[in-house]
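What follows is a single structure, written as structure tokens, with notes after it.
Sequence lines set the chain letters: A, B, ... in the order given, protein chains first and strands last, and positions in each chain run from 1.
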Amino acid sequence: QQQVKQSPQSLIVQKGGISIINCAYENTAFDYFPWYQQFPGKGPALLIAIRPDVSEKKEGRFTISFNKSAKQFSLHIMDSQPGDSATYFCAASNGGSNYQLIWGAGTKLIIKP
Amino acid sequence: KAGVTQTPRYLIKTRGQQVTLSCSPISGHRSVSWYQQTPGQGLQFLFEYFSETQRNKGNFPGRFSGRQFSNSRSEMNVSTLELGDSALYLCASSLGQGNTYEQYFGPGTRLTVT
């Protein structure tokens, strides 16, 4: 119940295309869903996050879509660029006063020029 | 604000030795979480400290321990190092209270055990 399942494990997209990464969760108490971006040799960086009271959040080329009934959320990267090549992690908060983030396994995204 | 800093950035140790890693969180953040990341693996949660108390713990053996000081700086210790402990160790700081859950990561310490 504490797991966050992320797919695909790796993804290759042509420059200018749309990259889509999906995550699914079981625990309905989760109330915060962030996405992190990690470049090789660096720590993950917070990219965008959403709360369950909205179905979509957009920041520039990055959009989170959230489906509460299906317990799924996804990251869409529009007009994907080679600089977007990185590993992406989804996560979910444990809710309450725990403050622990439960992490997906990560998706290695490669954008081909 | 200065970001999360971790020292040292790189470390080479021999099997059987012990090691201490340090993390300084963002000013005002009272929570520090530690993660282990190995090639091809995700983020494996080690433990989280808030106001000098361990609040959450992952599934790692007792060789992995940590502590947090009154200024929120945190240290992580690994005793009796094994080859499998070679990894990138990341710390993340957060407010740890209220309605905010954002974690901000440091650059990591790359530990190599030979």
Just wondering, do [Y] and [X] contact through their side chains at under 4.5 Å, heavy atoms?
X	Y	answer
A:R51	A:Y32	yes
A:S19	A:L11	yes
A:C90	A:W103	no

Which bit of [X] comes within less than 4.5 Å of chain A, counting heavy atoms only: side chain, backbone, both or neither?
X	answer
B:L90	side chain
B:Y35	side chain
B:Q44	neither

Measure from NZ or CZ of B:R110 to the centre of the six-membered ring of B:Y10 and say whether it is under 6.0 Å with the direction within 45° of the ring axis. no

Please determine, among A:P44, A:G104, A:G43, the option with the most heavy-atom pairs under 4.5 Å with chain B. A:P44

Quick check on the interface: out of B:P107, B:G108, B:A92, who has the most heavy-atom pairs with chain A under 4.5 Å? B:P107

Can you tell which part of [X] gets under 4.5 Å to a heavy atom of chain B, answering side chain, backbone, both or neither?
X	result
A:P34	neither
A:L101	both
A:Q6	neither
A:A105	backbone

Determine whether the aromatic ring centres of A:W35 and A:F73 lie less than 6.0 Å apart. yes

State plainly whether the residues B:E75 and B:R73 are in salt-bridge range, i.e. N to O under 4.0 Å. yes

Taking all atoms of both residues into account, what is the closest heavy-atom pair of A:S80 and A:R61, and its distance? CA-NH1, 4.0 Å

